[in-house]
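Data first, discussion second: the structure below is written as structure tokens.
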Number of protein chains: 2
Amino acid sequence: MITVLGHLNPDTDTTCSAIAYAWFLQQRGEEAEAVVPGNLNKETQFVLEQCGAQTPRRISSLEKGASIALVDTNNPEELVDGWQEAEILSIVDHHKLVGGLSTAIPIYIVMKPVACTATIIYELMRQEGIKPNETIAGLMLAAILSDTLKFTSPTTTQPDRMAAAELAEIAGLDTDQLADGMFTAKSDLSGAGPRDILMMDSKIFNLGNEKLRISVVETTNPSSALVLREQLEQALAELKEEEQLTGALCFVVDIINSAAEAIVPSAYEKQLVERAFNIQFSDATAHLPGVVSRKKQIVPQLEAHLTA
Amino acid sequence: MITVLGHLNPDTDTTCSAIAYAWFLQQRGEEAEAVVPGNLNKETQFVLEQCGAQTPRRISSLEKGASIALVDTNNPEELVDGWQEAEILSIVDHHKLVGGLSTAIPIYIVMKPVACTATIIYELMRQEGIKPNETIAGLMLAAILSDTLKFTSPTTTQPDRMAAAELAEIAGLDTDQLADGMFTAKSDLSGAGPRDILMMDSKIFNLGNEKLRISVVETTNPSSALVLREQLEQALAELKEEEQLTGALCFVVDIINSAAEAIVPSAYEKQLVERAFNIQFSDATAHLPGVVSRKKQIVPQLEAHLTA
């Protein structure tokens with residue numbers, strides 16, 4: 001049995017790509033199961049329901065002797081407990097090569113600079129003449145819409161657009177309608193405390209000599225997050241202390257208007273954002289027009305400033 | 001300009017795959033040049049001549065600011081000087097994931113558990129509907145014949161066989177005749193001293209707590225190497241001393257009869273080979289029937305013994 005999984009703090013791409021890749025392996029005669037290493041966010045829950053897909057089994061660690069297929073990550077720091085004892089059979093990913101994983105024997109690896117892992121998985125299916133069913137096509141389409149913010153993120157590539165167009169056709173889904181539903185679900189912060197909101201989509205980066213946690217809150221309704229600014233600042237300060245970080249930042253991304261609002265816990269991060277993006281904080285937040293992507297915009301800008 | 005290259009101590013696969021991948025990039029509208037980081041062995045020289053291909057430019061280090069496409073390696077210890085300052089654009093390889101390379105941004109990577117990098121490159125050409133010309137097809141066929149010892153090595157996979165059959169057709173070459181010529185060229189040890197012979201195909205492995213240099217001499221005429229046994233033993237002892245190795249071993253692989261003869265410089269390596277392969281040295285060498293592959297047979301056997 002091959003266990004297919006993505007990164008901790010699972011998002012729509014990691015979850016849908018795990019399901020799609022497990023299905024792909026099954027079509028090729030393998031026994032495979034998609035699992036998720038964490039709770040699903042509201043967007044992903046909406047997508048699974050919308051496409052009529054079952055929620056993958058949630059795991060908190062891998063079983064001893066597990067054989068795993070990784071999707072949407074090649075970063076050992078993002079893997080669930082027990083990965084060191086597992087045999088990695090394959091990696092399908094679209095992130096930079098982190099360099100922390102090694103294997104005892106040659107394995108199958110494909111990584112491409114596209115916005116979404118599901119785009120690569122769909123290309124693999126095409127190469128082998130395997131046509132996804134409606135459910136699998138819908139899940140992959142949703143993953144692409146999620147990672148590209150419906151093609152508005154600068155991470156979007158031509159292969160992502162082409163895959164999405166074909167998958168929408170196969171799934172019989174209206175792309176705009178699906179994206180609207182996803183982004184509304186994603187924007188629902190009800191029931192989430194400030195720490196939950198920060199951890200929905202959050203990663204730690206070592207940039208220059210600094211260790212920064214960068215959280216992103218993608219939403220169609222920025223004010224629902226911005227009204228919680230003081231609690232979010234407090235939660236950022238607590239995370240910074242607990243995790244011994246140099247800094248902690250939260251970017252509330254307005255999906256509709258393609259812009260971000262930065263929330264910071266101290267003068268250090270304020271100065272960092274002002275210098276890296278060459279802007280001024282007005283009142284307690286900073287408005288960053290056009291900024292929607294952590295990978296392509298936020299991290300490179302901060303890194304350029306910190307390593308200059 | 002993209003510089004395409006493989007590992008130090010270039011062999012037929014690394015050289016032919018570099019030429020083929022550079023050609024593939026050119027077909028896609030890129031400027032690309034294959035280079036070789038070292039002198040070519042006699043087999044590779046024969047192949048280039050036979051296929052009417054130019055010898056790639058030899059480099060001893062990369063230029064500052066080079067953009068590189070790696071083939072046939074993902075191991076930083078096997079890369080030519082200057083790679084740390086180069087931008088890695090892509091990796092196409094068939095070795096285990098070593099884990100030492102990282103990149104600043106997502107790149108294109110494909111690794112597959114097949115015998116030969118050229119097999120993967122041919123698959124990439126097929127996927128994009130690019131048909132190699134006769135020269136490029138001949139080079140890729142030769143790479144496959146070299147890495148599979150004409151399909152007799154246990155590393156051989158179905159994709160290697162399929163690619164070779166199609167490439168032979170395109171190149172208009174007789175596979176047996178090409179392989180015969182290659183193996184005869186490879187077996188010509190004239191003009192090579194014992195150290196040269198050991199370094200023709202040689203790698204260092206860290207197995208358990210041991211650091212071993214394992215040289216392989218693939219030949220159709222084992223006696224031409226075996227008559228040099230005493231000089232080879234002496235050269236192994238010198239390498240061991242100079243490189244502070246735990247052990248140094250040479251395996252003379254009889255391509256025709258699929259067997260290897262082990263040559264060792266001291267009682268330590270003798271015991272190691274006897275225990276790992278469960279055989280006895282007769283006189284000064286040990287006969288290992290069926291053993292032809294360092295990757296699939298020699299290293300795994302030694303490793304199993306040393307880490308037991």
Side-chain angles (χ1 to χ4, degrees), chain A residues 13 70 72-77 84 87-117 119-120 123-129 147 154-157 159-160 205-208 293-297 299-300 303-304 307, chain B residues 70 72-77 84 87-117 119-120 123-129 147 154-157 159-160 205-208 293-297 299-300 302-304 307:
Chain A
D13 184 23
L70 291 179
D72 197 28
T73 184
N74 73 94
N75 188 345
E77 293 190 20
Q84 287 96 337
E87 184 188 14
I88 304 173
L89 299 180
S90 62
I91 304 173
V92 180
D93 191 18
H94 66 122
H95 293 92
K96 66 181 185 178
L97 182 63
V98 173
L101 294 180
S102 62
T103 62
I105 56 168
I107 65 165
Y108 179 61
I109 300 175
V110 55
M111 300 195 203
K112 292 188 181 185
V114 293
C116 180
T117 306
T119 299
I120 305 171
E123 289 180 356
L124 296 177
M125 291 179 181
R126 280 195 58 153
Q127 281 163 23
E128 304 222 358
D147 271 7
T155 57
T156 312
T157 67
D160 297 303
F205 295 84
N206 292 294
L207 306 178
S293 166
R294 178 170 52 203
K295 182 158 123 183
K296 280 271 192 179
Q297 297 172 310
V299 169
E303 188 161 31
T307 58
Chain B
L70 292 178
D72 198 29
T73 183
N74 74 94
N75 187 347
E77 293 190 19
Q84 289 95 336
E87 184 188 16
I88 304 173
L89 299 180
S90 63
I91 303 172
V92 180
D93 190 19
H94 67 122
H95 293 92
K96 67 181 185 178
L97 181 63
V98 173
L101 294 180
S102 62
T103 61
I105 55 169
I107 65 166
Y108 178 62
I109 300 174
V110 55
M111 299 194 203
K112 291 189 181 185
V114 293
C116 182
T117 306
T119 299
I120 305 171
E123 289 180 357
L124 296 178
M125 291 179 182
R126 280 195 57 152
Q127 281 163 23
E128 305 221 358
D147 270 7
T155 57
T156 312
T157 67
D160 297 302
F205 295 85
N206 292 293
L207 306 178
S293 168
R294 180 171 50 203
K295 183 158 124 184
K296 280 271 192 180
Q297 297 172 311
V299 170
L302 292 172
E303 188 162 32
T307 58

task: Not counting sequence neighbours, which residues clear side-chain contact (heavy atoms from CB on, under 4.5 Å) with B/T157? List them please.
output: B/V114, B/P159, B/D160
- line: Given B/V110, B/I88, B/I107, B/V299, the one with more heavy-atom pairs under 4.5 angstrom with chain A than any other is B/I107
query: Is it the backbone or the side chain of A/L101 that comes under 4.5 Å from a heavy atom of chain B, or both, or neither?
result: both
message: At a 4.5 Å cut-off on heavy atoms, which part of A/K296 comes close to chain B: side chain, backbone, both, or neither?
response: neither
query: Which one of B/N74, B/I91, B/I109 satisfies the side chain to side chain contact (heavy atoms under 4.5 Å, CB included) criterion with A/I109?
result: B/I109
query: Would the number of heavy atoms belonging to other residues, nucleotides or ligands and lying under 6.0 Å from CD of B/E77 be above 12?
result: no
task: With sequence neighbours excluded, tell me which residues meet side-chain contact (heavy atoms from CB on, under 4.5 Å) with A/K96.
output: B/T103, B/P106
message: Distance check, rounded to the nearest 0.5 Å: A/Q127 atom CD versus B/R126 atom CZ?
response: 11.0 Å
message: With a 4.5 angstrom heavy-atom cut-off, is it the side chain or the backbone of A/V98 that approaches chain B, or both, or neither?
response: backbone
